[in-house]
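Scroll down for the structure; my scribbles are underneath it.
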Number of protein chains: 2
Amino acid sequence: MQFMTDHDKQTEERIFEAATEVFIEKGLDGSRIQDIADRAGMNKSLLHYYYRSKDRLFDAVFEMIAMKMLKKFAPVFEGDLTLEEKIRFFFREHLSFLQKNPRLPAFLLNEVNRHPERIRKFLANINIENLWKMLYDQHKDELDQYNITREKMPQIITTMASLTVFPFAAKMLLVELFGKAGIKFDDYIEERKTFAADFMISALKNMNRSNPEDESKIKKNDNKKKK
Amino acid sequence: MQFMTDHDKQTEERIFEAATEVFIEKGLDGSRIQDIADRAGMNKSLLHYYYRSKDRLFDAVFEMIAMKMLKKFAPVFEGDLTLEEKIRFFFREHLSFLQKNPRLPAFLLNEVNRHPERIRKFLANINIENLWKMLYDQHKDELDQYNITREKMPQIITTMASLTVFPFAAKMLLVELFGKAGIKFDDYIEERKTFAADFMISALKNMNRSNPEDESKIKKNDNKKKK
DNA sequence: ATTAAATTTGGCCATCTGTTTAAACCATAT
DNA sequence: ATATGGTTTAAACAGATGGCCAAATTTAAT
């Protein structure tokens, strides 16, 4: 046999791949075990032979996807890049990853909200505090320079995640809304790789330069009068 | 009868409210018509009497929620506030709204991704291009001052949505991760009302001051050498 | 009070869905 | 060839599920 066809893959692997596709597309509740069997081209019972139940099969798929997603974040906290380089690296790499896996954010967010118990065990290993503490310590000099305190790290980390994950979580919405304005989603994402990085860096550099609330109030009320 | 009990509400209204709760909690696929009837305290058949089917009931609920969500965005584009005031207004009001309806983002994003056909008709009325064009025209002076072109508006609008919607779409995740670091989700959101506004304003003011890519490369490579 | 209409109920049905069971199939070793 | 053990299939099961219907009950009009 010279070609590697679907049938050359082990049965268990084919089940897993078909299940991954279906679960991502329809979610746990919306997926039917028959759909998965059909897509894998085999009898329904085989899924029970290799994975005891729909739930166990889902858990296996979910764990794989969650790990895949998490591993992508790791490189940001390694290497001796400057903070700005890390930010650019993060947005470029993470958005590229999501371009290749555009349905992952919606899938993960939905399942996490729908079945929180199920995901607790995956989260047990992650200590996000260490994560931003590490990032803060590595770049204390730069952050001090910008007047960013350690207490702001949760806001900053979640902001970075927001900027990459949201467009994909809301992809269908954006495709629909952008369509009428002649904007292509792919172009938008491509542009976002640099926009998000520029945006992030610019915000960090200047947000605590002076009290933004006061500054804006004073400066802008003048402008307003002119209108 | 001196008290307004659940039974005083019209049947149709009670169905609608129970359905809203269940659909938001479990999604269309995860919801059972029996659950809704139980929560409304009535016979299953009544749901079919007032709404012909599960799908029609869902559509009614979905439309209400979508409208509720959309109406909250409108005030941002009215009034003669300055751009900065509008930004602060948006983050304060929108995050407050989401605090009261924390499950709406996850629900909406999930259903939009899961059943795109269903939502197309709701989106048909919305012209997002007009929306950001309006915002741009209203604040052309300020935006020019910051070197923000009209082409950047899609990125800016979606960024604002990201900053408010994502934390709620990922609420379960954040609650779990924050928990270990002793951070309360509610405090985080409260802080976010000003953080997101400051962050946004700071970014807009400075991101095109010079070419950020070049500036950062030069300035930061010096810092890096010191390490 | 009588009648007609609207509302509510319980029971039922056809279908779907995850799971189980038993038989068939197949490769390998003896 | 036969036996063995792992693999695959068809059939069936039990419980759930959305929808339907006919009877019962309530409400409103005359």
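Convention: sequence-line order gives letters A, B, ...; per-chain numbering from 1.
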Requested in this report: Applying salt bridge (Lys or Arg N to Asp or Glu O under 4.0 Å), name anything that partners Lys133(B), two or more places apart in sequence or on another chain.
Outcome: none

Query raised in the report: So which pairs with a foot in residues 152-174 of chain B pass salt bridge (charged side-chain N to carboxylate O under 4.0 Å, His left out), sequence neighbours left out?
Result: Glu191(A)-Lys152(B)

**Report entry** Partners meeting salt bridge (Lys or Arg N to Asp or Glu O under 4.0 Å) with Glu129(B) (sequence neighbours left out)
**Finding:** none

Query - Inter-residue atom distance Leu81(A).CG - Ile87(A).CD1, 0.5 Å rounding - result: 11.0 Å

Output side-chain donor-acceptor pairs under 3.5 Å for residues 181-189 of chain A, partner residues at least two apart or in another chain, one line each.
| from | atom 1 | to | atom 2 | distance (Å) |
| --- | --- | --- | --- | --- |
| Tyr188(A) | OH | Arg192(A) | NH1 | 3.4 |
| Tyr188(A) | OH | Thr158(B) | OG1 | 2.6 |

Query - Partner residues of Gln99(B) under the side-chain hydrogen bond (donor to acceptor under 3.5 Å, both in side chains) criterion, sequence neighbours left out - result: Glu190(B), Lys193(B)

Requested in this report: Using atom CE of Met42(B) as one end and atom C1' of dT9(C) as the other, report the distance to the nearest whole Å.
Outcome: 12 Å

For a quick test of your reading: what N or O donor-acceptor pairs under 3.5 Å do the side chains of residues 19-27 of chain A make, sequence neighbours left out?
| from | atom 1 | to | atom 2 | distance (Å) |
| --- | --- | --- | --- | --- |
| Thr20(A) | OG1 | Phe16(A) | O | 2.7 |
| Glu21(A) | OE1 | Arg39(A) | NH1 | 3.1 |

**Report entry** Sub-4.0 Å heavy-atom contacts from residues 28-37 of chain B onto DNA chain C, ordered by number
**Finding:** none

Report task. For DNA chain D, find the residues of residues 43-57 of chain A with a heavy-atom distance under 4.0 Å and give them by number; none if there aren't any. Result -> Asn43(A), Lys44(A), Ser45(A), Leu46(A), Tyr49(A), Tyr50(A)

Query raised in the report: Tell me the salt bridge (charged side-chain N to carboxylate O under 4.0 Å, His left out) pairs involving residues 92-108 of chain B, sequence neighbours left out?
Result: none

Requested in this report: Could I get the full list of side-chain hydrogen bond (donor to acceptor under 3.5 Å, both in side chains) partners for Asp38(B), not counting sequence neighbours?
Outcome: Gln34(B)

Query - Contact interval (first through last nucleotide) of DNA chain D with protein chain B, 4.0 Å heavy-atom - result: dT17(D) to dC21(D)

N/O donor-acceptor pairs under 3.5 Å from side chains in residues 41-52 of chain B, not counting sequence neighbours:
| from | atom 1 | to | atom 2 | distance (Å) |
| --- | --- | --- | --- | --- |
| Asn43(B) | OD1 | Ser45(B) | N | 2.8 |
| Asn43(B) | OD1 | Ser45(B) | OG | 3.3 |

